[in-house]
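Structure first, commentary second.
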Amino acid sequence: MYLYEGRGLLLLTLFAALQIATEGRGTLPLCRPGFSEDVYVAVVPESTEKGQPLFNVKFVNCGQGGLVRFECSNPSDFRIEADGVVYALRPLTLSTLPTVPLVIVARDETNQQQWQTQVRLTWLPSQTEQSGEKALSQGLQEIWFPSRQTDSSSIGQLKRMKRDWVIPPINVPENSRGEFPQDLVRIRSDNDKNRSLRYSVTGPGADQPPTGIFIIHPISGELSVMKPLDREHISNFHLRAHAVDLNGNQVESPIDIVINVIDMNDNRPEFIHQIWNGSVPEGSKPGTFVMTVTSVDKDDPKTANGMLRYKIGSQNPESPTSNMFTINNKTGDIITVAAGLDREKVPQYTLIIQATDMEGNPMYGLSNTATAVIRVTDINDNPPEFTAEMFFGEVPENRVNVIVANLTVTDKDQPNTLAWKAVYKITGGDPTGRFSVPTDPTTNEGLVTVVKPIDYEISRTYMLTVVAVNEVSLARGIYSPRQSTATVSIRVIDVNESPYFDPNPKLIKLEEGMLAESSLTTFTAQDPDRFMQQSIRYTRLSDPANWLRIDANTGRITTIAVLDRESPYVKDNMYSATFLASDSGVPPASGTGTLQISLLDINDNAPHVYPQETEMCKKPEPNGINITALDGDLNPNAGPFAFELANRPADVRRNWTITRLSGDYAQLSLKIGFLESGIYEIPIIITDSGNLPMSNTSYLRVKVCQCDHNGDCTDQQHIIAAGLGTGAIIAILLCIIILLILVLLFVVWMKRRDKERQAKQLLIDPEDDVRDNILKYDEEGGGEEDQDYDLSQLQQPDTIEPDTIKPVGIRRMDERPLHPEPQYPIRSAAPHPGDIGDFINEGLKAADNDPTAPPYDSLLVFDYEGSGSTAGSLSSLNSSSSGGDQDYDYLNDWGPRFRKLADMYGGSDD
């Protein structure tokens, strides 16, 4: 093989390598099943018929004898037989020939092991195209295939590809502006002298994406590039060159061709960020690292096209010098080169950074710039300083959590940082720790606060020494000035304090049973206001049992009742009372004290039997009734107890017996074998064990009844004997009394209602008005002599016969016929007697409003008035023979109706 590169001719003799490769084809020491080649290249005729054999693949099974089955990735176009021959299933042309490699899979049916290989398909040009190919170009670099003998006896026999030949890479400059296609190299085989060969290339840039960049002339073998190359997109191409005969048989092993794209300086440096942010503490020494800026160049970094250099273009502000920083031209590290960084003067610097390729050559290199912003961070180089040397405040005594004074400071460091926040410490004037100075997080002021009560009687003023520091220590070499210390003067205001009892509570021990008006103790309070002349008065605040009294001036406590340890107000032998002490200050103050009295027990309670009621069968079992005693006192004033039966009544000792079981228990049993059912009260004398023993006769209520085999009462007499308790009897009596009261109230209410009904019959009191006695009737009659009336008919109008009723229209001669008769209320034939009064009242109103009513005595028609009239009979009225015997002037006071009568009867004889 001959390789021509550049202007000189370089002859490489590769026969040694060919011989080595040939010797390496001996028998392998170990046989492995699989395809003979990893990749096959098959040359397919331009026109293929259906069923035409195209090529075959060789599978080596190493004598295992297993059944191997072949499959292809394109079963619609190709079919592979068991011998490895591939046939076309349809006519194939250049346009329908698949562009992707064909994958052949071999699978062992016994153990399901599989192998695969790839077949690259290429087409065989026609004779017309072969005769019209152009003459080979002269002067191109030639790559010769090594000489080898081939066996092409079989149709479409594939040849093994070798990678023994290493071809030097071909260099192609990027961004070429020459004419395209541009020839690069010529591929030649020494076998083209004896036969016609066809050349092809495969790989990315040829038949794989990106396709169409490189092509090869199939006859001349000239490899050409079709477009400008971009190294930043693809820096190199790896192609494989193939040589086959007209039948598609591989006559040469494929050779690898590497095409390197030569870099050109066609890209500027690009900073990763256009603005870079960094920081450096103020007061930093020269050489302090600040930040690193980075720029990238798409050109080849191994060439000068991609080698960058950095420099600082400008600095703003130029204070205190114009060269406060420098940059490493290769790494981009920015460091300080001068001292004097002060945040309080220059808080921020802005640098313009320039990056240039071609190793910083300003003539040939390409440049770009970015901005570096360097913030000078604060350090604690300024201590806090008080705004005044002396601060003042005042506080009432006994007040806590009160702000007395506000301490203000100034700090030049950055606000709201640890170097600016102040911390206040009290260094003198407060030995007992009654003050603290927390910091206001907003204003940074010191708040002098009282944390413990202050007593005016102990100290009237305080002089505090306060030092202000920061939360972080000052920078090295910085010291606190005198202005960081201040004095705080605090005046204490005297207030009226409450009196206090000492001790509180006060405990005394007494025996119970102390009589009234006994002196117990003196319970006094102290007034803490020593500089105020005040008096203290005492009052009782809480005394649950109302046993005690305290002298208002001296505080002496005496009893007003007997102290009883067994009282429900005594808990665990302790009785507590609370007293109030009030001074005479303005405003007055008061304090409370508790007196605790521990009462010692004495034998002041006699024992009594328990339980007080029990049951017993008529024929009791031998065990009897167990009883015990209860005593309100404590031991040794309680048990053990002595039990005995009383002497009276006499039948008690005759029928019963009591036996002591222990110090607290005894058993009551019958002496006789049978006892009638009923309730028996057994007097039992119980004596305690006090120093002065106390005895008591308790009555045990025993209910004797008929019992069943379980010992339970079964007869009715038991229920009767059980009786009712005192509470139940009282409840029943109360219910009966309430029921009687309700009945009595109901009777009273009914009688009152009857009286009201009877009162309604009399419209006006007869003593005040006599109109209820003057009635209007149809006929007046001729006087008392001709009043032959049946008065019963007036009382019972329902009994009047219809024949005696005066016909309509018949009237007396003295009646006035010119006006209609007034319409009086019509009542039912037999009204209820209670409605008579209402009816008379309605009739009276109608008569008063009737303008035709005569002012003289006329008979009025009424319904039944009922029996028993209080007015009496009209005939009982006595007429005087002479009108001069009576004075009728009082009739003028009765109204217009009686004024006419006054004129008639009270007038003169004329």
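Since this is a predicted model, take the numbers as computed values, not measurements.
- With a 6.0 Å radius and a threshold of 12 heavy atoms from other residues, nucleotides or ligands, Lys412 has its NZ atom at or below the threshold.
- Around OH of Tyr680, the count of heavy atoms belonging to other residues, nucleotides or ligands within 6.0 Å exceeds 12.
- In this structure, the side chain of Asn380 does not engage the main chain of Ala475 through any donor-acceptor pair within 3.5 Å.
- Here Gln526 contributes atom CD and Ser498 contributes atom OG; the two are 14.0 Å apart, rounded to the nearest 0.5 Å.
- Within 6.0 Å of atom CZ in Arg660, more than 12 heavy atoms from other residues, nucleotides or ligands are found, so the atom counts as buried in its surroundings.
- Put simply, the side chain of Asp440 gets close to the backbone of Thr442: a donor and an acceptor are under 3.5 Å apart.
- Side chains of Thr521 and Lys506: a donor on one and an acceptor on the other come within 3.5 Å.
- Inter-residue side-chain proximity for Pro588 and Ser582 is flagged as unmet; no heavy-atom pair is nearer than 4.5 Å.
- Taking the six-membered ring for Trp and thresholds of 30 and 60 degrees, Phe501 and Phe523 have ring planes inclined between 30 and 60 degrees apart.
- For the residue pair Thr377/Ser279, the side-chain donor-acceptor check at 3.5 Å is not satisfied.
- At distances below 3.5 Å, at least one donor-acceptor pair connects side-chain atoms of Asn496 with backbone N or O atoms of Pro587.
- Atom CD1 of Ile426 sits about 9.5 Å away from atom OG1 of Thr465, to the nearest 0.5 Å.
- Contact check for Phe579 versus Ile557: side-chain heavy atoms found under the 4.5 Å cut-off.
- Between the side chain of Asp378 and the backbone N or O of Gln414 there is at least one donor-acceptor pair closer than 3.5 Å.
- Annotation for Glu389: atom CD does not count as buried by contact number, only 12 or fewer foreign heavy atoms lying within 6.0 Å.
- Using a 4.5 Å heavy-atom threshold, the side chains of Leu668 and Trp656 count as touching.
- Judged purely by atom type and a 3.5 angstrom limit, Glu397 uses its side chain to pair as donor or acceptor with the backbone of Tyr456.
- Asp455 places a side-chain N or O within donor-acceptor distance of the main-chain N or O of Glu457, the cut-off being under 3.5 Å.
- A donor-acceptor contact shorter than 3.5 Å is absent between the side chain of Asn470 and the backbone of Pro383.
- Not a single donor-acceptor pair under 3.5 Å links the side chain of Thr697 to the backbone N or O of Pro683.
- Proximity of Val409 to Asn444: side-chain heavy atoms (C-beta onward) are separated by under 4.5 Å at one or more points.
- Taking the six-membered ring where the residue is Trp, Trp547 and Tyr575 present tilted rings, their angle falling between 30° and 60°.
- Under 3.5 Å, the side chains of Asp413 and Asn382 contain a donor-acceptor pair of N or O atoms.
- For the pair Arg375 (side chain) and Pro347 (backbone), a donor-acceptor distance under 3.5 Å is absent.
- Heavy-atom neighbours of Glu566 CD from other residues, nucleotides or ligands within 6.0 Å: above the threshold of 12.
- Scanning for side-chain hydrogen bond (donor to acceptor under 3.5 Å, both in side chains) contacts around Thr687 gives Ser695, with sequence neighbours left out.
- The structure places NZ of Lys571 at 11.0 Å from OG of Ser576, a figure rounded to the nearest 0.5 Å.
- Heavy-atom neighbours of Tyr610 OH from other residues, nucleotides or ligands within 6.0 Å: at or below the threshold of 12.
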